[in-house]
Amino acid sequence: MDKIIYEWEEFKCGIDVIYSKIIQSQFRPQYIVGLSRGGVIPATTLSYKLNIPVFYFDPKQDKLSDLKINLAKDKILFVDDINDTGFTLNSIRKKVITTLHPEITNEYDKIFSLDNIKFSVVFENLSSCIKTHFHSITIDKSKENVWVIFPWEI
């Protein structure tokens with residue numbers, strides 16, 4: 001397995017790329033939700049650049065209902081470091097839908113549009129089961145066996 005050592009300067013440039021994509025999209029989040037642990041630093045950095053509040057959420061422990069935001073109406077940007085398999089982001093998406101619509105079971109979640117909720121990562125894996133709205137670097141783990149080491153992991 002090859003390792004990608006992602007340096008702080010690259011991270012700063014990557015956040016600038018994501019920031020530019022958000023601005024160009026005209027999506028104006030009211031809140032950022034950083035996913036623990038890897039999304040905390042990218043979320044905080046974007047929060048400063050966009051001048052909006054940030055919350056932190058641990059998908060393994062926390063409930064979305066604990067966040068002091070309106071999942072149905074507020075514009076929310078969920079942030080993580082990497083969209084590796086898509087499992088985490090897809091589980092967040094499903095948790096949002098089941099929080100808003102507790103009557104939903106199984107695959108009915110696919111019929112709902114979440115226009116007020118977007119996802120952003122630094123690294124987007126093309127072979128992931130879900131795609132993000134904003135990212136700075138694209139990799140394809142189906143073609144290259146890589147492991148990304150972020151500067152805050154060293």
Side-chain angles (χ1 to χ4, degrees), residues 4 6 10-11 14-15 17-47 49-50 52-102 104-153:
I4 297 174
Y6 194 58
E10 294 170 301
F11 171 72
I15 290 295
V17 168
I18 294 168
Y19 171 80
S20 295
K21 287 180 179 182
I22 293 168
I23 297 302
Q24 290 171 5
S25 77
Q26 297 183 7
F27 175 71
R28 298 296 176 260
Q30 295 164 273
Y31 304 101
I32 290 178
V33 177
L35 302 180
S36 294
R37 294 178 312 177
V40 169
I41 293 173
T44 302
T45 308
L46 280 171
S47 169
K49 287 189 80 61
L50 292 166
I52 58 175
V54 62
F55 294 94
Y56 303 105
F57 181 78
D58 184 341
K60 295 177 183 172
Q61 297 179 19
D62 299 336
K63 294 179 183 176
L64 285 172
S65 57
D66 293 338
L67 294 172
K68 303 298 181 213
I69 53 181
N70 185 332
L71 294 170
K73 296 182 180 176
D74 292 339
K75 291 185 179 179
I76 305 162
L77 180 65
F78 283 90
V79 178
D80 207 354
D81 55 356
I82 186 168
N83 177 17
D84 203 2
T85 63
F87 177 79
T88 300
L89 299 180
N90 202 36
S91 70
I92 296 293
R93 183 180 182 279
K94 287 182 179 186
K95 284 179 184 184
V96 169
I97 291 168
T98 56
T99 299
L100 294 173
H101 302 280
I104 301 299
T105 59
N106 296 327
E107 296 299 313
Y108 298 112
D109 66 315
K110 294 181 180 173
I111 65 173
F112 287 94
S113 171
L114 299 174
D115 293 334
N116 65 311
I117 295 175
K118 306 282 185 205
F119 295 96
S120 178
V121 294
V122 179
F123 278 81
E124 174 85 324
N125 178 15
L126 293 176
S127 58
S128 169
C129 70
I130 188 173
K131 301 300 175 226
T132 62
H133 301 92
F134 312 106
H135 65 275
S136 61
I137 297 171
T138 303
I139 57 175
D140 188 348
K141 288 194 166 192
S142 69
K143 295 180 181 173
E144 53 186 326
N145 190 13
V146 297
W147 186 259
V148 180
I149 300 173
F150 291 92
W152 51 88
E153 297 177 320

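The first residue of the sequence shown is numbered 1, and numbering continues consecutively from there.
Contact of the D81 side chain with the V40 side chain is not registered, since no non-hydrogen atoms from C-beta on lie closer than 4.5 Å. L89 places a side-chain heavy atom less than 4.5 Å from the side chain of V121.
To the nearest 0.5 Å, the span separating CG on N83 from OG on S127 amounts to 9.0 Å. Separation of atoms OG (S36) and CD (Q61) is listed at 8.0 Å; rounding is to 0.5 Å. Summarising the geometry, atom CG belonging to L64 is positioned 14.5 Å from atom NZ belonging to K94; distances are rounded to the nearest 0.5 Å. The structure places CD1 of I97 at 8.5 Å from CD1 of I117, a figure rounded to the nearest 0.5 Å. Taking CG of N125 as the reference point, atom CD1 of I139 lies at 5.0 Å (rounded to 0.5 Å). Rounding to the nearest 0.5 Å gives a distance of 9.5 Å between CD of E10 and CD1 of I4.
Under the side-chain hydrogen bond (donor to acceptor under 3.5 Å, both in side chains) criterion, S47 pairs with no residue, sequence neighbours left out. Applying the salt bridge (Lys or Arg N to Asp or Glu O under 4.0 Å) criterion to K21, with sequence neighbours excluded, gives no partner residue.
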Could you pull out every donor-acceptor pair under 3.5 Å between side chains of residues 141-151 and any protein atom, sequence neighbours left out?
from : atom 1 : to   : atom 2 : distance (Å)
K141 : NZ     : D84  : OD1    : 2.9
K141 : NZ     : D84  : OD2    : 3.3
K141 : NZ     : V146 : O      : 3.2
S142 : OG     : D140 : OD1    : 2.5
S142 : OG     : D140 : OD2    : 3.4

Show me the side-chain donor-acceptor pairs of residues 131-138 shorter than 3.5 Å, one per line, residues at least two apart or across chains.
from : atom 1 : to   : atom 2 : distance (Å)
K131 : NZ     : L126 : O      : 2.6
K131 : NZ     : S128 : O      : 3.0
T132 : OG1    : E124 : OE1    : 3.1
T132 : OG1    : E124 : OE2    : 3.3
H133 : ND1    : F119 : N      : 2.9
H135 : NE2    : T138 : OG1    : 3.1
S136 : OG     : V122 : O      : 3.1

Distance-only donor-acceptor pairs under 3.5 Å for side chains of residues 66-80, two or more places apart:
from : atom 1 : to  : atom 2 : distance (Å)
N70  : OD1    : A72 : N      : 2.9
N70  : OD1    : K73 : N      : 3.2
D74  : OD2    : N70 : N      : 2.7
D80  : OD1    : G39 : N      : 3.3

Side-chain donor-acceptor contacts of residues 52-59 below 3.5 Å, not counting sequence neighbours, with atom names and distances?
from : atom 1 : to  : atom 2 : distance (Å)
Y56  : OH     : T44 : OG1    : 2.6
D58  : OD1    : K60 : N      : 2.9

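Taking both residues in full, the closest heavy atoms of F87 and C129 are given as N-SG, 4.4 Å, listed atom of the first, atom of the second, then distance.
Surrounding CZ of R28 are more than 12 heavy atoms belonging to other residues, nucleotides or ligands, all under 6.0 Å away.
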